[in-house]
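Here is the structure we will look at.
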Amino acid sequence: MTDQELRERARAVIPGGMYGHQAAPGAGYPQFMRAGRGARVWDVDGNEYVDLMCSYGPVVLGHRHPAVEAAVAEQARLGDCQNGPGPVVVDLAELLVRTVRHADWAMFAKNGTDATTMCCTIARAQTGRNKILVARGAYHGSAPWCTPRPAGVTPQDRANLGYYRFNDLATAQEAAAEAGNDLAAILVSPFKHDAGFDQELVDPAFARGLRALCDAAGAALILDDVRCGFRLHLGSSWEPVGIDPDLSAWSKAIANGHPLAAVLGNDAFRDGAQRVFVTGSFWFSAVPMAAAVATIGALRDEQAIPAMHRTGIQLRDGILAQARSWDLAVTYTGPPAMPYLTFAGDQDHELAAVFTAQALRGGAYLHPRHNWFVSAAMTGDDLALLLTATDQAFAAVRKHLSD
Ligand code: PMP
């Protein structure tokens, strides 16, 4: 079955043919994927790509990592979705509490949206207050309170949100003052990774300022580590900044592609966490938890995070040298393991689309409007192929500009 044939079948039975973030990101992209191994993926038409999207973040050690898949098979032999969680839930909670500095306890769910929503609910239960501050434009999930699209959302869904600008402490202080004694929490991502925009690392003074604001107000500082968690640091992504949140939301990379989310919290919020009713039919499945224990172990044993950082630096240096050689003005932002590239003046992402479409033809799967993800499986050969594809992609942009 070809991609084209599957698209036609899908159009009849799936609204819009596909939906959400996995709708193909542009012309020339395959919609349907067949397989993945290490840093390579194959579409249903048999094309092979070096994968720089990593399933939008879940894959961190590479596709089908042997130790993770062995743990999955072992747990699957015993059982997955049962009347109670497996013992692995306690192993995993202990491992996370040992690994993440601010965490005294852990709870589990499936998706990042579950985790960010639970953090807000727990903060409200603990503080008895309503208002949550978020950075304008930040993505925290697809539930009505946080989805970026207005369709189907009521004003009431957003009524208890206040807004600040990332890295602009004065705007957070103003929003906190406006919330007054109804401030339950400030929700923040480790760095600014809004899709389609240049990324911005956090200013440590901003992180310290948010911590102080929450402490003064008796509100929760919630870190949305869904996208960054365990890609930048084997612990909370703000540990290197020296700031601990009260609650943190995790998903994506924690189980190397297996469906799992986690909420981690400190003892000050344990009572609120105990009082909320949160659950889901598949939240306690043992297989993804076994995958998470194996993933965290492999991240540590294989020194995967420093490896992604080093590969990310080689990728950045290679791409920036190519951009210079093609005399193209670009901005390359974000941590080396989670980079994003924009072209000067490319407001509607036209040049980004030319660049990524040509890279795709050259065998590199990038994205025109979303940050990229380096996995620990990327080899020197993968990187060389990737950089050959991006060089051709810069050539295509140069040609597009001169046509
Ligand atoms: N927060 C952040 C920072 C994310 O990047 C995402 C997913 N892209 C989410 C929350 C929501 O996660 P999920 O799609 O698994 O619900």
Subject >> Lys/Arg-Asp/Glu bridge criterion (N-O < 4.0 Å) met for Glu69, Arg64 >> reply: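 No, this pair does not count.
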
Subject >> Salt bridge Asp244-Arg101, side-chain N to carboxylate O under 4.0 Å >> reply: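 Salt bridge present between Asp244 and Arg101.
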
Measure across [X] and [Y] and return the closest heavy-atom pair with its distance rounded to 0.1 Å.
{"X": "Asp104", "Y": "Asp267", "value": "OD2-N, 2.7 Å"}
{"X": "Tyr49", "Y": "Asn47", "value": "OH-CB, 3.5 Å"}
{"X": "Ala115", "Y": "Ala261", "value": "CB-CB, 4.2 Å"}
{"X": "Ala175", "Y": "Tyr163", "value": "CB-O, 3.5 Å"}
{"X": "Ala123", "Y": "Ala184", "value": "CB-O, 4.0 Å"}
{"X": "Arg211", "Y": "Ala219", "value": "NH2-O, 4.4 Å"}

**OP:** Go through Asn130 and Asn160 one step at a time and tell me if the side chain to side chain donor-acceptor pair (under 3.5 Å) criterion holds.
**Re:** CA-CA 6 Å; Asn130 297 302; Asn160 284 309; 4.7 Å; no

Original post:
Phe191 and Phe166: ring-ring contact (aromatic ring centres under 6.0 Å, His included), yes or no, with the steps?
Top reply: CA-CA 8 Å; Phe191 69 93; Phe166 193 89; 8.1 Å; no

Between [Y] and [X], is there a side-chain donor-acceptor contact under 3.5 Å, judged purely by atom types and distance?
{"X": "His367", "Y": "Thr356", "result": "no"}
{"X": "Arg7", "Y": "Gln4", "result": "no"}
{"X": "Asn266", "Y": "His102", "result": "no"}
{"X": "Ser248", "Y": "Asp225", "result": "no"}

**OP:** Might you work through the side chain to side chain donor-acceptor pair (under 3.5 Å) test for Asp80 and Gln75, ending with a clear yes or no?
**Re:** CA-CA 7 Å; Asp80 184 20; Gln75 181 61 53; over 6 Å; no

Indicate yes or no for a side-chain donor-acceptor contact from [X] to the backbone of [Y] under 3.5 Å, with no hydrogens or angles considered.
{"X": "Arg129", "Y": "Leu183", "answer": "yes"}
{"X": "Asp168", "Y": "Arg165", "answer": "no"}
{"X": "Thr154", "Y": "Asp157", "answer": "yes"}
{"X": "Gln126", "Y": "Gly272", "answer": "yes"}
{"X": "Lys110", "Y": "Phe282", "answer": "yes"}
{"X": "Arg275", "Y": "Ala125", "answer": "yes"}

Looking at [X], I want to see if its [atom1] is surrounded by more than 12 non-hydrogen atoms of other residues, nucleotides or ligands under 6.0 Å.
{"X": "Asn181", "atom1": "CG", "answer": "no"}
{"X": "Arg270", "atom1": "CZ", "answer": "yes"}
{"X": "Arg37", "atom1": "CZ", "answer": "no"}
{"X": "Glu178", "atom1": "CD", "answer": "no"}
{"X": "Asp403", "atom1": "CG", "answer": "yes"}

Original post:
In terms of ring plane angle, is the pair Phe394 and Phe355 parallel, tilted or perpendicular, where the classes change at 30° and 60°?
Top reply: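 Plane angle between 30° and 60°, so tilted.
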
Original post:
Which word best sums up how the rings of Tyr164 and Phe206 line up, parallel for under 30°, tilted for 30 to 60°, or perpendicular for over 60°?
Top reply: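 It falls in the tilted class, 30° to 60°.
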
Original post:
Testing Val134, Thr121, Val226, Asn111 for side chain to side chain contact (heavy atoms under 4.5 Å, CB included) with Thr116, which one passes?
Top reply: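 So, applying the side chain to side chain contact (heavy atoms under 4.5 Å, CB included) to Thr116 and each of Val134, Thr121, Val226, Asn111, only Val226 qualifies.
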
Subject >> Residue of the set Val241, Leu169, Asn167 for which side chain to side chain contact (heavy atoms under 4.5 Å, CB included) holds with Asp203 >> reply: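 Among Val241, Leu169, Asn167, the one meeting side chain to side chain contact (heavy atoms under 4.5 Å, CB included) with Asp203 is Asn167.
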
**OP:** Report yes if the side chains of Trp145 and Thr117 come closer than 4.5 Å at any heavy-atom pair, otherwise no.
**Re:**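 Yes - at least one pair of side-chain heavy atoms lies under 4.5 Å apart.
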
Original post:
Tell me, do Leu92 and Ile296 make a side-chain contact under 4.5 Å, heavy atoms counted?
Top reply: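 Yes, their side chains come closer than 4.5 Å.
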
Original post:
Of Asp382, Asp51, Asp381, which is the lone residue that meets salt bridge (Lys or Arg N to Asp or Glu O under 4.0 Å) with Arg40?
Top reply: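 Answer after filtering Asp382, Asp51, Asp381: Asp382.
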
**OP:** Would you sort out whether Glu350 and His400 count as a side chain to side chain donor-acceptor pair (under 3.5 Å), showing the intermediate values?
**Re:** CA-CA 10 Å; Glu350 181 183 326; His400 180 84; 2.7 Å; yes

Atom pairs and distances, side-chain donor-acceptor, residues 329-343, under 3.5 Å, sequence neighbours left out:
from: Thr333; atom 1: OG1; to: Gln199; atom 2: N; distance (Å): 2.8
from: Tyr340; atom 1: OH; to: Pro368; atom 2: O; distance (Å): 2.8
from: Thr342; atom 1: OG1; to: Asp198; atom 2: OD1; distance (Å): 2.6

Original post:
Between Trp250 and Phe230, does the ring centre distance come in under 6.0 Å?
Top reply: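 Centroid distance Trp250-Phe230: below 6.0 Å, so yes.
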
Subject >> Centroid-centroid distance, Tyr56 to Phe373, less than 6.0 Å >> reply: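 Between Tyr56 and Phe373, the centre distance exceeds or equals 6.0 Å.
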
For residues 302-309, dump all side-chain donor-acceptor pairs below 3.5 Å to protein atoms at least two apart in sequence or in another chain.
from: Glu302; atom 1: OE1; to: His65; atom 2: NE2; distance (Å): 3.3
from: Glu302; atom 1: OE2; to: His65; atom 2: NE2; distance (Å): 2.9
from: Gln303; atom 1: NE2; to: Arg300; atom 2: O; distance (Å): 3.3

